[in-house]
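As structure tokens, the structure follows; a few thoughts come after it.
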Amino acid sequence: MCSIMCYTAKDMPLEKFKSGFDKTISRGPDESAILETDTGIMAFHRLAIMGLTKEGMQPFTRNKYAIICNGELYGFREIKEELIKKGYAFSSDSDCEIILPLYFEYGLSMFKTLDAEFAMVIYDPVKKDYIAARDPIGIRPLYYTYTESGNIVFASEAKNLVELTAGKIFPFPPGHYYSQGKFVCYNDPAKTDDICCDDLDTVCKNIKAKLIKGIEKRLDADAPLGFLLSGGLDSSLVCSVAQKLMPSRPIKTFAIGMSEDAIDLKYAKEVADYIKSEHTEIIIDKEKVLSSLETVIQILGTFDITTIRASMGMYLICKAIHETTDIRVLLTGEISDELFGYKYTDFAPSPEEFQKESEKRIRELHMYDVLRADRCISANSLEARVPFGDLDFVKYVMSIDPAKKMNVYNKGKYLLRHAFEGDYLPDSILYREKAAFSDAVGHSMVDYLKAYAQEKYSDEKWKKIAEKYAYHAKPFTKESLLYREIFEKYYPGQAEMIIDFWMPNKDWEGCNVNDPSARVLSNYGASGI
């Protein structure tokens with residue numbers, strides 16, 4: 001990852017700006033720089049992944065134009081060759097150095113052409129304009145707020161802005177750019193113009209080809225790679241495909257579990273043995289989970305139950321990887337569920353409702369699973385890459401006839417499973433029932449968190465305190481109140497950054513539950529075994 005920040009005026013003391021910016025130095029511990037433009041301030045903390053020399057340091061400047069970008073631009077070498085033919089010269093191997101030339105050539109329309117994960121700000125000295133933009137999924141974070149003088153400030157994380165704002169902090173909308181005071185949508189990947197009516201075999205063939213291509217792109221790094229392996233379908237596929245694409249050496253895989261009842265460790269080991277990866281298990285216990293809770297919520301900037309539960313294991317595994325290896329880049333399995341379905345989408349009453357739910361989840365991803373992956377990984381000075389978030393892959397899966405994506409095969413996510421039948425994974429993994437990640441780390445982990453909250457509040461106390469937050473996403477359990485109170489300690493009055501609690505669609509029969517875990521659904525079955 002990296003960290004970016006930009007203030008679009010000159011009325012803020014540099015030390016105050018720097019104080020906010022340095023709260024995310026873990027995102028970019030290698031090198032830092034602050035550039036004062038004619039009309040504002042731009043800053044960059046670097047985590048060197050591509051173009052590791054000092055020439056790859058940002059901001060990149062050309063004739064007073066400047067760019068700061070936290071991103072990965074796939075296929076940048078081919079684009080760079082075309083730009084060289086047009087007369088541009090480059091001083092580094094960084095992918096982000098091509099952004100200003102692209103802006104000179106294509107203007108604001110360049111955002112539609114990028115195959116990338118990014119959050120960026122461009123300074124245009126001619127228009128006196130700061131142009132901010134974020135990738136269509138929102139894989140790279142970006143937030144904004146306004147100071148007392150009414151000027152906008154952008155930053156990688158909300159924690160950069162808490163002490164600078166005169167009001168609310170907002171997540172920068174994915175798939176949008178900001179220019180001349182207006183937000184413009186350039187790409188909504190959840191929107192489907194035409195439904196793909198290909199037959200099942202064609203659909204699965206395309207799913208396979210596009211996912212493999214998405215994984216292959218994300219193996220391009222000048223820094224060492226690692227892989228999070230839960231033993232579930234999604235991360236197992238990413239690891240298996242990657243190992244086939246890099247057959248000359250074992251990939252490095254990592255799994256985490258509770259000391260007493262880790263469900264997924266045995267499945268992760270089964271996958272690691274099958275693909276012959278270099279595998280590491282990380283064991284955690286009650287003490288480690290509870291002692292890390294406040295740190296995790298501070299890092300995340302959310303009160304959402306699902307996100308926090310799932311972040312406990314992810315944060316601790318990334319912390320161990322950072323402390324014990326030289327790995328800088330981690331590939332993960334996020335975003336598959338939003339595309340192919342959760343356990344609760346088995347209850348979707350129609351294909352239209354399934355599709356509508358998928359669109360909602362894709363548009364809100366940046367507040368939940370994507371936020372979790374980014375913060376847990378970047379807090380430990382690592383970079384996340386998310387193959388299931390490949391734009392071509394997402395657009396294609398969203399276009400598939402939702403009647404084919406529903407669980408009409410007596411097996412959730414059947415299209416993805418069927419697409420990779422063969423020698424990618426053992427059938428016991430390929431057709432294993434899905435388990436929620438936080439539960440799969442160990443049912444005891446969630447139970448410990450709930451028990452801790454239960455001990456903290458009496459029935460009367462939690463109901464009374466919860467009323468303080470009735471204006472938005474009112475806590476509805478003792479656990480949710482515990483998380484909200486810790487959140488408010490670090491992000492006072494900023495709860496509206498998160499639209500609501502991540503919960504199954506309560507309008508559907510079988511989904512009106514009071515806990516977000518799939519464990520409470522009637523169809524959970526063998527998922528937790």
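Counting from 1, the numbers follow the sequence of the chain as shown. Just so it is clear, the values below take in all heavy atoms, side chains as well, and ignore hydrogens, waters and symmetry mates.
Judged as a salt bridge (Lys or Arg N to Asp or Glu O under 4.0 Å), and not counting sequence neighbours, K80 has no contacts. Residues meeting the salt bridge (Lys or Arg N to Asp or Glu O under 4.0 Å) test with R484, sequence neighbours left out: E488.
No side-chain donor-acceptor contact under 3.5 Å links D222 to the backbone of M50. E97 places a side-chain N or O within donor-acceptor distance of the main-chain N or O of S92, the cut-off being under 3.5 Å. Judged by distance alone, the side chain of T202 and the main-chain N or O of D198 form no donor-acceptor pair under 3.5 Å. At least one donor-acceptor pair under 3.5 Å links the side chain of R134 to the backbone N or O of R140. Side chain of S235 to backbone of T332: no donor-acceptor contact under 3.5 angstrom is found.
For residues 276-312, the pairs satisfying ring-ring contact (aromatic ring centres under 6.0 Å, His included) are F303-F487, F303-F501, with sequence neighbours left out.
Cation-pi geometry between K210 and Y396 is met: the NZ or CZ atom falls under 6.0 Å from the ring centre, inside 45° of the normal.
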Let's go through K217 and D115 carefully: what are the C-alpha distance in whole Å and the side-chain angles of both, what is the deciding distance for salt bridge (charged side-chain N to carboxylate O under 4.0 Å, His left out) to 0.1 Å, and is it a yes or a no? CA-CA 10 Å; K217 290 177 196 175; D115 179 11; 2.7 Å; yes
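If you check the side chains of N160 and T24, you find a donor sitting under 3.5 Å from an acceptor. Judged by distance alone, the side chains of S480 and T477 do bring a donor and an acceptor atom under 3.5 Å apart. Looking at S381 and H322, their side chains never bring a donor and an acceptor atom within 3.5 Å of each other.
Remark: aromatic rings of F354 and W508 are distant, center separation not under 6.0 Å.
Relative orientation of the Y414 and Y431 rings is tilted, given thresholds of 30° and 60° on the angle between their planes.
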